[in-house]
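The structure appears right after this line, and notes come after that.
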Amino acid sequence: MTNWQQQAEHYLVQGDYSKAASLYEQAIEAEPDVIAYYWHLGLLFLLQGQETEAQTTWLLVMAEAESEQLETWTEELLQVLQTEAERRQKLADYALAWAIRQHMREICPTDLTNLLEIIALSIKLETFRGDDLTELGVIELLQTQPRIECNQQLLPEVLGQILEAEPLHPTSLEFTEACLAYLPNPEVWFWPLLSACMKIGHTLKQPTIAAGFLERYRSLDLHNPQNIEILRHLATFYQNARNYDQGIETAKLCYSLSESLPDKISGINLVLRGIMNAGGYWPEVTGACQTLESLLVSLIKEQPANLSDVETLRLLTPFFSLAHVQDQPSHFRPILNQMAEVFQRNIRGYTKERAEWYGSPLTPLNKGGIEDGAIELKSPRIGGFRGLAPEGSEVNSSENPCNREQGSPLTPLNNGGIEDGAIELKSPRIGGFRGLAPEGSEVNSSENPCNRDQGSPLTPLNKGGIEDGAIELKSPRIGGFRGLAPEGSEVNSSENPCNREQGSPLTPLNKGGIEDGAIELKSPRIGGFRGLAPEGSEVNSSENPCNREQGSPLTPLNKGGIEDGGKTARPLKVGYLCHCLRRHSVGWLARWLFEHHDRERFQLYGYFVDYKLVNDNLQEWYVNQVDHPRKLGIHVLEVAEQIYQDQLDILVDLDSITLDITCAVMALKLAPVQVTWLGWDASGLPAIDYVIADPYVLPDSAQAYYSEKIWCLPQTYIAVDGFEVGVPSLRRDHLDIPNDATIYLSSQKGYKRNPDTTRLQMKIIKAVPNSYFLIKGKSDQDSITRFFNQIAEEEGVDCDRLRFLPEVPTEAVHRANLGIADVVLDTYPYNGATTTLETLWMGIPLVTRVGEQFVARNSYTMMMNAGITEGIAWTDDQYIEWGIRLGKDPALRQQISWKLRQSRQTAPLWNGKQFTREMEKAYEAMLGR
């Protein structure tokens, strides 16, 4: 490169394009035959926004090219533009890079790599539209035979970006199919594609589209080992889309191909999920439940300790089906408790590093701090952290597609478990600060893969394990160790009130690792753990600026960490973990606790697992209601890390076994007190301390088969201040029902349609002349109609007396439509909960059958707390008797309706504020305050 060219390059880099252009114009005047000068001059015009001049400069030259020169000159021009586009991309000047690449596209519209770069830049600029894939001709080019050349690294990257940016656009599915056929090893892309499908199907609530992506993948017929995994998710998406026949068929195929016990458990649970949601498959339900229980017991006997994360996460949700079939908690819950122990042990196994960091391990550790039988994973990170897997597990294999970040192969690790080329961390932080380790400990070793610090080399340590140039802090121990700071740092200053221990040597520790005479600090946490200080130390002083949280002054603490006068030193930090704080039964019922919380005494954290990227007003209400909303995905350790960083006092689980992710997070014991409330019955996890109940929802004998301590609130475990009610869309004349007829209603999902209870309901209909039965709820319309009609015929009830109601657009309209019923008939052994509350709020008599398990006593506790005993049945015969009596006695119905309306002013069930006070008292008592 000549001097003037170097000067021109300098002007280009500095952005002085006119001076650079002037140099090229002079060069062209001196050497008009050097074609390359014209390419650079045109580029410089383009950079100045003079597109017409740029194109004219290039075209005039191209017009003079001989046929054999044209291809060469075009390649030269494209190379000049490519170089500048790449430079702009590195500078994050995406708009200019996009503009340059558009000109490259005009010159060569079939350059697939350039088109992919244009798409990637459009996504960065947030201007990408799904239609761009068609307009740019990318899909057509990918489908060209023979296949044209393409950057094999760029293609999967752009595919991932498109699935993130426009997952629901129809062209995204076409593009995915074209890409999968184009890639040399499409099976490597299964896990990234599945991740995108999970977002589409669950987070965006578009299961049909998600199933379409997996169908395209499966059509490639790769014969890969993930075939069962494809079937498993396909079955789930089909069922969620209410394509029950295909969902059940796919689930059965998945089960038939399963070999291991965990896979068989997952497979038969998928079958149950399909046939129970559809409703009307009861003979199959009974047999499948027996198979499921047998498989669960077999796995418990094996006591596996090295299950993968995927296998582990699927162990608890199957119990949800069993509770719908039998009301035998003394038999059912011990099995659940034992499986919950297996679940927790394995969760803590494959997340060992994080589990130990979060708190004291529940599983006994060997000398290396690792559970017996587990080895440390060098890769991959699970949820952003390194986990554990059984020795030899394919999780560690380079063939495992999870073992990569964003589609690229995992960088080879050296002997120390450190990626080649990686810079090492300084000594490991303890609770977010640097700690100390015994002399010679491998913790301080440069081979320790934890010993890296964002690119700075490891500072050499002296013999005491202290960095050269650093001095030992005299400050209180952090997490049980002394911290370090650079010499001269104000952290070591005598002015720092944290840094005074009167120069005394290290105080001997008692057997518990606590200094003699020290008390536990209740506030603040240091590095994520509570620190220790000698009793009377000014570390506890209100003058200590470290001793404050979020700027509020610290009230002097007594020995129990409680303010003088009995108030807590700071608001209790309560976290609510749930995927249903939205338009869902749990979302509708939990509102009043959030609304009435005393914000001076309680600071609320909301952990929105699988936060829905859809328009949901109730979800947004919850986000605005908590002090610290956390919108999270579906990765266990992502959720866990956020909770850990927030340093809660109490973590409340509102999902229980209805969501595997929540169970895994709770198993890590991320708060001193963990509680299950509302979402279902208790999960049985050893890491959970309490389950919230009341005097009615569980019998006195229940503690015998619960691993959690049952915390019984004085009156009710749930209360609401009411419900929004819309305008009804149902009329008797529309349903061809006479005005003087008695209308019974049952509004439940297919899961709850037990044939024994349905038979009792038909006996009631038969015994009450001029009565009709309205049936509503999510299910497969054909199968549920056959189910009810068959039982009606067997019991001698004319099927013309049955009406199957369609769904309505909103919950408010659904509640208004309840008013058409004279009597609501509850389900058993799984009662209504939200539907029961709505029924009682609307002043409609209810008949419920009380059982032994939590979910068989929901309606009972709600009726008792509304002041209603009429309609509570303890036997099948009483259920029939109450149903007939209420159907034949309009005066009794009117009396119950009046009592229910009066109860709105006085009953515990309708007093959300009082209920909230009782929950708050429970929280404080759980913490010993």
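FYI, side chains are in, hydrogens and waters are out, and symmetry mates aren't considered; it's all heavy atoms of this structure.
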Task: Results of ring-ring contact (aromatic ring centres under 6.0 Å, His included) for Y705 - residues two or more places apart only - done: none
Task: Criterion side chain to side chain contact (heavy atoms under 4.5 Å, CB included) against K573, the qualifying member of I650, D649, L604 - done: D649
TODO: Establish, from distance only, whether the side-chain atoms of T848 and D826 form a donor-acceptor pair under 3.5 Å.
DONE: yes
Task: Check: E638/Q642 side-chain N/O donor and acceptor closer than 3.5 Å - done: no
Open item on the list: Could you check, using the six-membered ring where one of them is a Trp, whether W874 and Y860 have ring centers closer than 6.0 angstrom?
Closed with: yes
Open item on the list: As an exercise, state the distance from CD of Q674 to CG of L651, rounded to the nearest 0.5 Å.
Closed with: 5.0 Å
TODO: Could you list the residues that satisfy side chain to side chain contact (heavy atoms under 4.5 Å, CB included) with E341, not counting sequence neighbours?
DONE: P686
Open item on the list: Within this structure, what is the CZ-CD1 distance for the pair F343 and I347, rounded to the nearest 0.5 Å?
Closed with: 4.0 Å
- [ ] For A719, check side chain to side chain contact (heavy atoms under 4.5 Å, CB included) against everything at least two apart and list the hits.
- [x] T716, F915
TODO: Using a strict 4.0 Å threshold on nitrogen-to-oxygen distance, state whether D876 and R849 make a salt bridge.
DONE: yes
Task: Cation-pi check, R759 onto W282 ring (under 6.0 Å, within 45° of axis) - done: no
TODO: Assert yes or no for the condition that the ring centre distance of Y576 to Y622 is strictly below 6.0 Å.
DONE: no
Task: salt_bridge(D689, K669) N-O dist < 4.0 Å - done: yes
TODO: Please name all residues satisfying ring-ring contact (aromatic ring centres under 6.0 Å, His included) with Y706, sequence neighbours left out, ordered by chain then number.
DONE: none
TODO: Assess the pair F320 and Y751: is the distance between their ring centroids shorter than 6.0 Å?
DONE: yes
Open item on the list: Can you tell me if K752 has over 12 outside heavy atoms packed within less than 6.0 Å of its NZ?
Closed with: yes
Task: ring-ring contact (aromatic ring centres under 6.0 Å, His included) involving H202 - partner list, sequence neighbours excluded - done: F237
Task: Residues which pass side chain to side chain contact (heavy atoms under 4.5 Å, CB included) with T203, listed by chain and number, not counting sequence neighbours - done: K199, D610, L613
- [ ] Output the distance between atom CG (L900) and atom CD1 (I868), rounded to the nearest 0.5 Å.
- [x] 4.0 Å
TODO: Would you check, one step at a time, whether the test side chain to side chain donor-acceptor pair (under 3.5 Å) holds for N865 with Y717?
DONE: CA-CA 10 Å; N865 278 290; Y717 86 95; over 6 Å; no
Task: Least distance between heavy atoms, P908 atom then Q715 atom - done: CG-NE2, 3.6 Å
Task: R815 and E724: CA distance, side-chain angles, deciding distance, salt bridge (charged side-chain N to carboxylate O under 4.0 Å, His left out) verdict - done: CA-CA 8 Å; R815 297 178 196 123; E724 300 82 356; 3.7 Å; yes
Task: Residues E924, K921; criterion salt bridge (charged side-chain N to carboxylate O under 4.0 Å, His left out); working and verdict - done: CA-CA 5 Å; E924 290 173 329; K921 288 178 186 176; over 6 Å; no
TODO: Answer yes or no: is there an ion pair linking D263 with R232, defined by an N-O contact shorter than 4.0 Å?
DONE: yes
Task: Approximate separation, where rounding is to 0.5 Å, of L336 CG and L315 CG - done: 11.0 Å
